[in-house]
Amino acid sequence: MAADNILQRVIEELRNYDGEEVRIMEVCGTHTAAISENGIPSMLSPKIKLISGPGCPVCVTVTAVIDRLVELSLSENTCVLTFGDLIRVKGSKMSLSDAKAEGANVRMLYSPMDSIAIAKENPAVNYVFAAIGFETTTPVYGRVIEKAIEEHITNLKLLTSLKTMPQVIRWVVKNGGGIDGFIAPGHVAAVTGEEIFKDLAKELGIPFVVSGFEGEQLLLTIYALVKMKGKGGFKNLYRQVVTPNGNEMAKSCVNKYFEESDSSWRGMGKIEGSGMILRQEYKDFDAGSFGLDEDHMPPGCSCEKVLVGKITPNQCPLFGKSCTPDNAHGACMVSTEGSCYNYYISGRR
Ligand code: SF4
């Protein structure tokens, strides 16, 4: 059967599905955005629920990290380098954007590697990169340190809040809103390899399907997960990018500079073995990332329930009322990978 016909049949089956409810979670912020951009929820039967999990790095960063960045940005002779979305997330008192309005030195970057040239050009300024992210981004931070060592740069440090997927997925299965299948994160799996998700599927008895980011592939992934409900199992539909063992060069860069640690997640607290920190021998590159565990949710915000699938964004009483992308209360509405933001812009009310 031609590929177009197969896809048409998949879409029809997903639209007309009338079996038991299936709750499918994606744990990657880029999947959240791709699902929304491709209008996938509108193609599904109401009995197939798509739930966004804790895969948006900006959304899961606790307020203590924001507070530390704000404090650093207001310190003399110090500049905080950050990705765009993080700048607008409120800490316990203010965001980096608020601090910038008060004269703090905050600069937005598109790539962590740009920090090398900036630090080199301005040796009298102390730079701190807000190093947040998952397995996908951690190798780039390793490369930043490698380059800084090579080029004898001493005025660049990282404030890290680096997360890893397996432990938080276990946490969500145990404490979240009930999940029948996971869309495994394609970018993370490209680094780690498919094996960790295959092992999780076996351990948890819940199906995992590794997916890319095209609309067609996401639909095929959802179709596969609907068929696998209650049976467990594993599939990799992103074989052109995700191999069994992943990217060995990226993994060895991570292992050289970082080691596993406990990590605090917004709304979930500290989860054992769910993060990465700089190894002792590279602590000179750390800007005070330890013990940043406190988390203060904005009043009335339910991000902590949204992030683990206990409620959908539109079940938050503030959604679309006082909380919109132009006036975001919580990180899930600030980030373009956040579930509240994507629910809002795709018109799911
Ligand atoms: S809609 Fe706004 S207030 Fe509600 S959970 Fe999302 S970010 Fe928080």
Side-chain angles (χ1 to χ4, degrees), residues 23-37 39-42 49-67 69-70 82-99 130 132-134 161 163 168-169 171-172 175-179 183 263-269 271 292-349:
R23 291 168 58 81
I24 295 171
M25 175 175 273
E26 86 276 357
V27 281
C28 166
T30 316
H31 275 150
T32 304
I35 285 167
S36 167
E37 277 159 22
I40 288 176
S42 65
K49 309 275 187 214
L50 294 185
I51 299 147
S52 301
C56 152
V58 168
C59 306
V60 297
T61 299
V62 294
T63 45
V65 173
I66 313 279
D67 289 345
L69 289 167
V70 165
T82 176
F83 293 131
D85 285 349
L86 192 67
I87 204 169
R88 295 196 295 125
V89 177
K90 284 242 186 277
S92 60
K93 294 193 185 71
M94 63 168 80
S95 64
L96 280 168
S97 176
D98 298 331
I132 65 165
F134 284 86
S161 179
K163 316 284 190 204
V168 76
I169 288 176
W171 194 98
V172 167
N175 304 291
I179 303 299
I183 302 176
S263 187
S264 289
W265 297 65
R266 167 148 284 200
M268 288 165 260
I271 303 177
L292 300 179
D293 299 321
E294 272 191 39
D295 195 27
H296 301 281
M297 298 294 295
C301 175
S302 310
C303 271
E304 86 282 11
K305 292 191 188 122
V306 170
L307 281 166
V308 298
K310 281 191 174 161
I311 64 167
T312 52
N314 58 349
Q315 289 173 315
C316 167
L318 307 186
F319 177 84
K321 297 183 178 84
S322 62
C323 185
T324 63
D326 289 334
N327 183 36
H329 285 250
C332 303
M333 188 62 95
V334 170
S335 173
T336 52
E337 292 191 347
S339 39
C340 297
Y341 174 88
N342 280 288
Y343 240 78
Y344 187 86
I345 56 150
S346 60
R348 286 187 272 170
R349 303 291 156 82

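Each ligand, and each atom within it, is numbered from 1 in the order the structure gives. Just so you know, these numbers come straight off a predicted model, no measurement behind them. Just the heavy atoms: all of them, side chains too, but no hydrogens, waters or symmetry mates, feed the values below.
Side chain to side chain, Thr312 and Asn314 meet the donor-acceptor criterion of an N or O pair below 3.5 Å. In this model, a donor atom of one side chain and an acceptor atom of the other lie less than 3.5 Å apart for Ser92 and Asp67.
At most 12 non-hydrogen atoms from other residues, nucleotides or ligands lie less than 6.0 angstrom from CD of Glu294.
Judged purely by atom type and a 3.5 angstrom limit, Lys163 uses its side chain to pair as donor or acceptor with the backbone of Ser264.
Residues Ala64 and Asp293 approach most closely at CB-N, 3.8 Å, considering heavy atoms.
If you look at atom 2 (Fe) of ligand 1, the protein N, O or S atoms less than 2.8 Å from it are Cys323 SG.
The line from CD1 of Ile51 to NZ of Lys310 is 13.0 Å long, rounded to the nearest 0.5 Å.
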